[in-house]
Colleague: 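Dropping the structure in here first, questions after.
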Amino acid sequence: MGNPEKPVGNALYAYITENIDRAIEEGWITAYYQPVARTITGEICGMEALARWVDPVYGLFAPNDFISVLEDAQLIHKLDCAIIQRICKDYSRSMREDDHTVTVSFNLSRLDFRLCDIHSFIEEEIKKNKVPRDALRVEITESMMENDDRMHDVIDRFWDRGFRVWMDDFGSGYSSLNVLKDYRFDTLKIDMVFLRNFNARSKEIIKSVVDMSKRIGVHTLAEGVETAEQFEFLRSIGCEKAQGYYIGKPMPYEEYREYLKNRGFSVEASDKRQYYHDIGRVNVLSATPFMSVPDNNTDTETHDGQIPIAFVEYAEGKLKYLFCNDSYKKTLAQLGVDSIEDVEREFEEGRTQLREKFLAMLLKAQSTDTVVGNDFMRGNKLCYAQVRTIAGYPGGNAFLCILQNLSDNSVYSKSSFLSGYLQSLCTIYEFILLLDLNTGYSRSLYHSAQTIKEYHRRPAVEELKDYAHDEIHPEDRERYLEFTNLDTIEERVAKSPTRHISAAFRTRVEDGKYVWCLYSFLFAGDKSERKLLSCFRKLSPEAIDRLQSEMSQ
Ligand code: C2E
Ligand code: MG
Ligand code: MG
């Protein structure tokens with residue numbers, strides 16, 4: 001006939017404190033597990049252990065009923081030790097029964113460090129149950145750090161012993177950023193309050209948190225994910241993991257596997273864990289994503305994901321997209337490719353020139369561990385792809401890939417000129433100039449030292465002449481002046497099937513030597529505006545030969 005009404009207030013306090021030892025002994029204290037999903041794969045990659053008191057008289061008590069009581073009575077360490085014991089037993093059981101075990105995170109209270117030697121306790125339990133230390137994640141809330149100097153030592157000791165420490169409930173307290181600045185965390189769990197009102201503002205905040213975390217080399221997980229829309233958003237901004245009712249509620253160990261099976265979830269293979277972890281370091285919100293590859297890079301710029309970015313995996317002769325942003329999909333569409341599946345299929349079926357070329361880039365990126373770039377012609381469109389290895393596992397590798405459609409200037413719009421199209425060109429070119437044919441003046445917009453210069457005070461014709469004289473190799477000078485001839489340039493660009501013209505000239509570089517460089521002109525916006533972008537970058541001689549032969553095909 002159901003359970004009697006649960007005690008409240010003082011009666012609850014008395015019941016919990018008087019019965020905690022018994023509850024542990026009798027096994028009323030148990031761990032429920034809540035699954036965590038990897039956003040780019042949708043696979044289950046971890047779970048959080050959450051304490052439950054399954055009372056024979058009153059039924060289920062949730063942490064809200066007993067955590068603060070036990071803290072107040074200085075008994076919380078008893079519960080936390082019981083949970084750690086439970087997790088280790090369950091984990092070793094799952095190792096015996098299953099090939100795929102995922103990491104388990106658990107919660108601690110700040111009092112645990114005063115009331116017992118929690119580090120040693122965990123050490124003993126994992127040894128007893130043969131649990132690898134990489135299987136566990138320690139969750140520490142930001143509020144635990146407030147006014148407590150000892151926490152540095154506490155956190156360092158976990159790291160020294162090989163446990164990764166996560167910051168729980170990020171953003172729920174008053175000093176989140178301070179704590180993040182001062183302590184070492186592997187992952188930041190973004191508090192569920194941010195998803196509760198899921199609107200434009202909260203999305204911007206979550207985006208900035210993810211962007212900031214990647215800049216300082218901290219991984220991200222969002223809590224309280226309840227809808228497909230939230231999940232998709234997190235995936236699109238590069239938040240690596242999601243936890244919440246959308247994936248699953250906390251549940252007893254026995255139910256857990258059944259639940260995953262019934263819902264059709266697959267579980268991440270443990271040998272891919274580090275691989276996806278490495279992929280997760282890449283900041284898809286950055287304007288310079290290649291720079292965010294070797295972990296903690298500082299020099300990135302937020303860019304709302306406008307650069308066409310994808311993560312591709314090349315494994316066992318197959319190409320697979322792990323992630324691509326909207327901008328990348330748009331670029332593919334402009335190149336006449338409907339979907340990423342089409343690219344995957346094309347890669348699998350035909351030995352096209354394009355495929356061979358792209359494959360060669362991947363292999364080169366892999367063997368040299370550098371950014372490898374190449375021009376492609378697709379239909380009458382010229383595009384530029386760049387790839388870099390970001391992670392690997394014994395069966396394959398993952399690459400960060402940027403794809404730019406150089407022939408396109410429809411993405412250019414007056415209002416978003418600097419923030420949008422130009423920024424994406426900046427990842428390719430070393431120098432970009434805006435040439436206004438109405439006035440005859442030019443303005444340099446960008447060079448690779450990342451500064452935007454002032455307006456030029458002299459007409460472009462004079463600038464070009466001086467430039468040819470000072471910077472272009474004498475043998476190429478005449479050709480350069482012909483190429484940049486302002487009287488005919490508008491017509492030549494307009495007539496070009498790729499809507500842009502390019503040519504290579506030997507150009508003087510910093511140390512006084514000449515190197516081959518590619519110069520391109522394309523319309524900035526509608527051609528009636530009579531504004532051209534003039535772009536420039538260094539090229540290898542082979543690249544020039546190839547490009548020229550392709551363009552003449
Ligand atoms: P937490 O560590 O932030 O755990 C997440 C809480 O959010 C859990 O509540 C979980 O059930 C709930 N939750 C998860 N997904 C969703 C969702 O999509 N929507 C909503 N509305 N809620 C969701 P729970 O299990 O009641 O735990 C509450 C807190 O109690 C935990 O917050 C943690 O701080 C603490 N706690 C839980 N287990 C332990 C433990 O073993 N030791 C200690 N010291 N504290 C614990
Ligand atoms: Mg937690
Ligand atoms: Mg939390």
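Just so you know, ligand 1 is whichever comes first in the structure, and atom 1 is the first atom listed for that ligand. Quantities reported herein were computed from a predicted structural model and do not represent experimental measurements.
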Colleague: Identify, for atom 8 (C) of ligand 1, the protein heavy atom at the shortest distance, and state residue, atom and that distance.
Modeller: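 Checking every protein heavy atom, the shortest distance to atom 8 (C) of ligand 1 gives L50 CD1, 3.8 Å.
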Colleague: Which protein heavy atom lies closest to atom 19 (N) of ligand 1, and at what distance to 0.1 Å?
Modeller: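 That would be E226 OE2, 2.5 Å.
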Colleague: Look at the rings of W53 and Y15 and say which category their plane angle falls in: under 30° parallel, 30 to 60° tilted, over 60° perpendicular.
Modeller: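 Correct class here is tilted.
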Colleague: Given that the side chain starts at C-beta and the backbone is N, CA, C, O, which of these parts of M192 lies under 4.0 Å from ligand 1, counting heavy atoms, or is it both or neither?
Modeller: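 Under 4.0 Å from ligand 1, M192 contributes side-chain atoms alone.
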Colleague: Check all N, O or S atoms of E48 and name the one closest to the Mg ion (ligand 2).
Modeller: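 Nearest N/O/S atom: OE2.
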Colleague: Assign the ring pair F113 / H119 to parallel, tilted or perpendicular, where the plane angle (0 to 90°) is split at 30° and 60°.
Modeller: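 Tilted: the ring planes of F113 and H119 meet at 30° to 60°.
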Colleague: In E139, which N, O or S atom comes closest to the Mg ion (ligand 2)?
Modeller: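 Result: OE1.
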Colleague: Is E223 close enough to the Mg ion (ligand 3) that one of its N, O or S atoms comes in under 2.8 Å?
Modeller: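 So E223 counts as coordinating the Mg ion (ligand 3), yes.
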Colleague: Taking 4.0 angstrom as the limit, do R137 and E48 come out as a salt bridge?
Modeller: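 Not counted as a salt bridge, because no side-chain N and carboxylate O are separated by less than 4.0 Å.
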Colleague: Do ligand 1 and A49 have nitrogen or oxygen atoms that lie under 3.5 Å from each other?
Modeller: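 Such a contact does not occur with ligand 1.
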Colleague: If hydrogens are left out, which of P63, P250, A51 has an atom nearest to atom 30 (O) of ligand 1, that is, the closest non-hydrogen atom?
Modeller: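 Closest candidate by heavy-atom distance is P63.
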Colleague: Using a cut-off of strictly less than 2.8 Å, determine whether D168 has an N/O/S atom near the Mg ion (ligand 3).
Modeller: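 Short answer: yes, at least one N, O or S atom is under the cut-off.
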Colleague: If we count only non-hydrogen protein atoms and require a distance under 4.0 Å, does atom 32 (O) of ligand 1 qualify as touching the protein?
Modeller: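 No, no protein heavy atom sits under 4.0 Å from atom 32 (O) of ligand 1.
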